[in-house]
Amino acid sequence: MSTIKDQKINQVLRIAKSEKSRVPSLFYDQDVSLIRFVVSVLEPFALLTDEWQSDDVTSSLVIVGLVQALTSLSSIEVDQDLDAKELLSEFKKTLHQRVVDRFGTAQSRGRCVTVDVFNDHCASYILATLLDPRFKSVPFQGKFEFAAPNGLVNAETAVDLLRGELDHLKSKGNDDIQVINATASNTGVHPVQIELRVTSETAESVESPDGEPSSKRKRPLLQFITEMIEKSGNEHNQNQTDELEEYFRMNYLDASVFTMVWCCIRRDLRYMIFYFGIILNTFVLHLCDAFKVTLYEHVNYEGAKREINVFRCHNLLDISFNDHASSIIIPECVVLYDDPCCQGASTTLQNSTDNLDTNIDFNDRVTSISPCEDYFSPAPHQIHETWPGHGQIMTKVAEGLDTVIYYNDEIDRKGLRFQSEFLRKSWGYVKNVYGSFGPERSRLFAFFHANIHSSNHGCSYLQSYFDVSADCRNMLDFAGMNKSSWSNPLSGTAELDEIAHGLAHIVEWSSKGYHGSPSFHLWGDNPWSEIFTYDLYNALGLEQDKERWFDTVQVRKYDFPKKNTYWFSDWFFPIYKHYGGAQLLNEYFELLANHFPKKESGWEYVRDMNIGEFVHFFSGAAKINLKRYALEAFNWGDAEEWELYQAKITFPAVKYAD
């Protein structure tokens, strides 16, 4: 039996053995092979443990996770050249049996209670798996064999369980269904959200958030789910009830994105998913089914016509029918709007055929149209950039309830995890502090490019749900100079600051349901984003980035509104520090929304503000007169004093202590 020469562990042992007598002997080839075998046997269960204890796990992953781990265990062969081959075979067999005993039998042993998750003794796990649109009945179709005491319930039995629960739910009557629906609505969302942390395309090369390579991603659960669906195809039981037939007929959700959203489920099954979603901590969100609306150029359904499938806000500018419609046929409730992106004056029509010149007074006025209820549409798989300086076809690589990420073909996807995590957390914080940013859960669409020179593409581009060019979505678009752009961890980088900068401008230009920035001509492109970014890094616990950013911006000076103005160090940071932090920033936009003048349309600010009005509104947000800070920050003079005096007269509802 020979030792492994030049092995680092043996080098360490030799040094230690010369100093201490109780150090183990050197490792031999057989020892290393044995250790590697034990690690390979235990690794699937270590990975499964990580999956199950994560924050975003759902009960639907219990059966699939066990199937994956046990299948992996069964595929591992014992090296017949090892001296301990019999012992290792017994170890593998015993481990398999203990896992099956723990999760495949239902019994009580003193304090230890086990459940059979593979059969109807614990139907909740079976139902959760069926109701997960990534794999539905695939785990029960007999393609994955392992020695559970009673085997794994087959697909027919599993679907029968689901059908039985659905029938039972229907039998409760409308009162119980209304209670279930109300309870589900209290979760803050309405279809199935399943969060996955790593995409299948990057699972092999993904790094941990701190930049260290992950050594425990050789066969993650996500990859197993993808392989499982590929083996199965789109099989389904042809004998289900109508609701189940519709559900099983639809394609599986792609397991290669971080968060998936399921839609288009008929009413009764949707109630059932609400019901089990409450029990199993699975989020449920209703997506609006598309329906056809027919618009006619003249009354009485004559002249040119346009047909559109309505499932979200649609601009008639896109079909060259803006301000042209005089009659309409609709099968569902819709809202007609006088302005683009479903803004301005509106009228609601319910299941009707109408001439828009009688009673409604909307003849030749319709500019956009939406469903009546809250709506949420799946993000397109690809989007062709049509905004200024941009023109590539972008492909969706990650979709969540609140953020969607698109890449061009050149980008290296190693950075997707970092971008997705930062966008999800930062946009969630923005909505929590500043409120809603449009319909469809105020989703944010982010576009990232590589190998695109800024002169050809533009450094960055942002739009909000008020903008037709962004198809009425909140949007950030970033260029990348080379293939490695956006492929590394974001911490400490200009890329992180660039994303935060874009978020700051979305807040500035579209918060509180109004479009425009009365302050922009005063503070320009950067000063507002400086305090916003500092607050964001502070809220997300990014201490190093917060300190780095503070050191950078505290010495910046600008030539507006006066020469040598230190916006951050003399104005924003002192009032932020002493008068409420993020609450102060949000209250400023609240006061603008409530008191600053708007256009006749009602959703856009009508003019810019002067420096006196600016100090007046921020004083209202701070609940105290901030002129003493303005004296130093803005080179205050008689003209500014007069503007502040007039602001107090013009906006008396903005109050604060002198």
Salt bridge (Lys or Arg N to Asp or Glu O under 4.0 Å) evaluation trace for D497 with R548: CA-CA 11 Å; D497 303 337; R548 171 185 61 82; 2.8 Å; yes

Under 3.5 Å donor-acceptor, Q382 side chain and M394 backbone: no

Closest non-hydrogen atom pair, A630 against V615: CB-CG2, 3.8 Å

Steps toward side-chain hydrogen bond (donor to acceptor under 3.5 Å, both in side chains) verdict (T367, D338): CA-CA 5 Å; T367 302; D338 205 8; 4.8 Å; no

Separation of Y645 OH from T650 OG1 (nearest 0.5 Å): 10.5 Å

Pair H595-F617, side chain to side chain contact (heavy atoms under 4.5 Å, CB included): steps then yes or no: CA-CA 9 Å; H595 303 293; F617 273 83; 4.0 Å; yes

Within 6.0 angstrom of Q544 CD, more than 12 heavy atoms from elsewhere: no

Aromatic ring pairing W387/H390, orientation class (parallel under 30°, perpendicular over 60°, tilted between): tilted

E640/K562 salt bridge by N-O under 4.0 Å criterion: yes

Aromatic W549 / basic R556 pairing, under 6.0 angstrom, 45° off normal: yes

Salt-bridge criterion met for D471 and R312 (N-O under 4.0 Å): yes

Modelled atom types, side-chain donor and acceptor of N355 and S326, under 3.5 Å: no

Aromatic plane relationship, H515 with W509 - under 30° parallel, 30 to 60° tilted, over 60° perpendicular: tilted

Partner set under salt bridge (charged side-chain N to carboxylate O under 4.0 Å, His left out) for E632, not counting sequence neighbours: none

Approximate separation, where rounding is to 0.5 Å, of I405 CD1 and R424 CZ: 10.5 Å

Donor-acceptor contact present, side-chain N315 to main-chain C341, <3.5 Å: yes

Pairing of K425 and E421 as salt bridge, 4.0 angstrom limit: yes

Pairing of E613 and R607 as salt bridge, 4.0 angstrom limit: yes

Qualifying salt bridge (Lys or Arg N to Asp or Glu O under 4.0 Å) pairs with a residue from residues 619-630, counting only residues at least two apart or across chains: K627-E641

Backbone N/O of M609 and side chain of H521: donor-acceptor pair under 3.5 Å: yes

Within 45° cone of Y605 ring axis and under 6.0 Å: K599 NZ or CZ: no

Intermediate values then yes/no, side chain to side chain contact (heavy atoms under 4.5 Å, CB included), S426 and L503: CA-CA 8 Å; S426 56; L503 294 173; 3.5 Å; yes

Minimum side-chain heavy-atom gap L626-Y579 below 4.5 Å: yes

Distance in Å, Y514 OH paired with Q343 CD, rounded so as to fall on 0.5 Å steps: 10.5 Å

Check: T493 side chain, L490 main-chain N or O, donor-acceptor pair, under 3.5 Å: yes

Expected output: side-chain S420 to main-chain L416 donor-acceptor under 3.5 Å: no

Atom CZ of F560 with >12 non-hydrogen neighbours under 6.0 angstrom: yes

Atom pair CZ/CG of F651 and N594 - distance to nearest 0.5 Å: 12.0 Å

I360 backbone acceptor or donor facing T347 side chain under 3.5 Å: no

N474 side chain to S464 side chain, donor-acceptor N/O pair below 3.5 angstrom: no

Minimum side-chain heavy-atom gap C372-T348 below 4.5 Å: yes

Closest non-hydrogen atom pair between H324 and D364, with its separation: O-OD1, 3.3 Å

Main-chain N/O of D339 paired with S368 side-chain donor or acceptor, under 3.5 Å: yes

Heavy-atom side-chain contact between Q463 and R473 under 4.5 Å: no

Side-chain donor-acceptor contact under 3.5 Å, Y465 with S442: no

Note, D570 side chain near Y629 side chain (heavy atom, < 4.5 Å): no

Heavy-atom pair with the smallest gap, counting every atom of P380 and F445: CD-CE2, 4.5 Å

Ring center gap for Y576 and W528 short of 6.0 angstrom: no

From CA spacing to verdict: disulfide bond (SG atoms under 2.5 Å apart), C313, C342: CA-CA 6 Å; C313 181; C342 297; 2.2 Å; yes

Short side-chain to backbone donor-acceptor contact, H616 and F614, under 3.5 Å: no

Spatial distance of atom CZ (F568) from atom OG1 (T565) [nearest 0.5 Å]: 15.5 Å

Distance (rounded to the nearest 0.5 Å) between Y537 OH and D545 CG: 5.5 Å

Donor-acceptor side-chain pairing of H449 and Q392 below 3.5 angstrom: yes

Candidate pair Y407 and D412, rule side chain to side chain contact (heavy atoms under 4.5 Å, CB included), full reasoning: CA-CA 9 Å; Y407 278 178; D412 188 331; over 6 Å; no

R443 side chain near T403 side chain, heavy-atom distance below 4.5 Å: no

Check: D535 side chain, I531 main-chain N or O, donor-acceptor pair, under 3.5 Å: no

Side-chain heavy-atom pair I506, L476 within 4.5 angstrom cut-off: yes

Sole candidate of W486, F447, F478 that passes ring-ring contact (aromatic ring centres under 6.0 Å, His included) when paired with Y406: F447

Heavy-atom closest contact (S469 atom, T386 atom, distance): O-OG1, 4.0 Å

Presence of salt bridge, D551 and K546, under 4.0 angstrom: no

Close side-chain approach of W427 and K431, heavy atoms under 4.5 Å: yes

Validation row: V430, F437 side chains within 4.5 angstrom (heavy atoms): yes

Any donor-acceptor N/O pair, S529 side chain to N526 backbone, under 3.5 Å: yes

Intermediate values then yes/no, side chain to side chain contact (heavy atoms under 4.5 Å, CB included), D477 and L462: CA-CA 6 Å; D477 196 318; L462 64 96; over 6 Å; no

Side chain to side chain donor-acceptor pair (under 3.5 Å) against H505, all qualifying residues, sequence neighbours excluded: H501, E508, D525

Q554 atom CD, over 12 foreign heavy atoms within 6.0 Å: yes

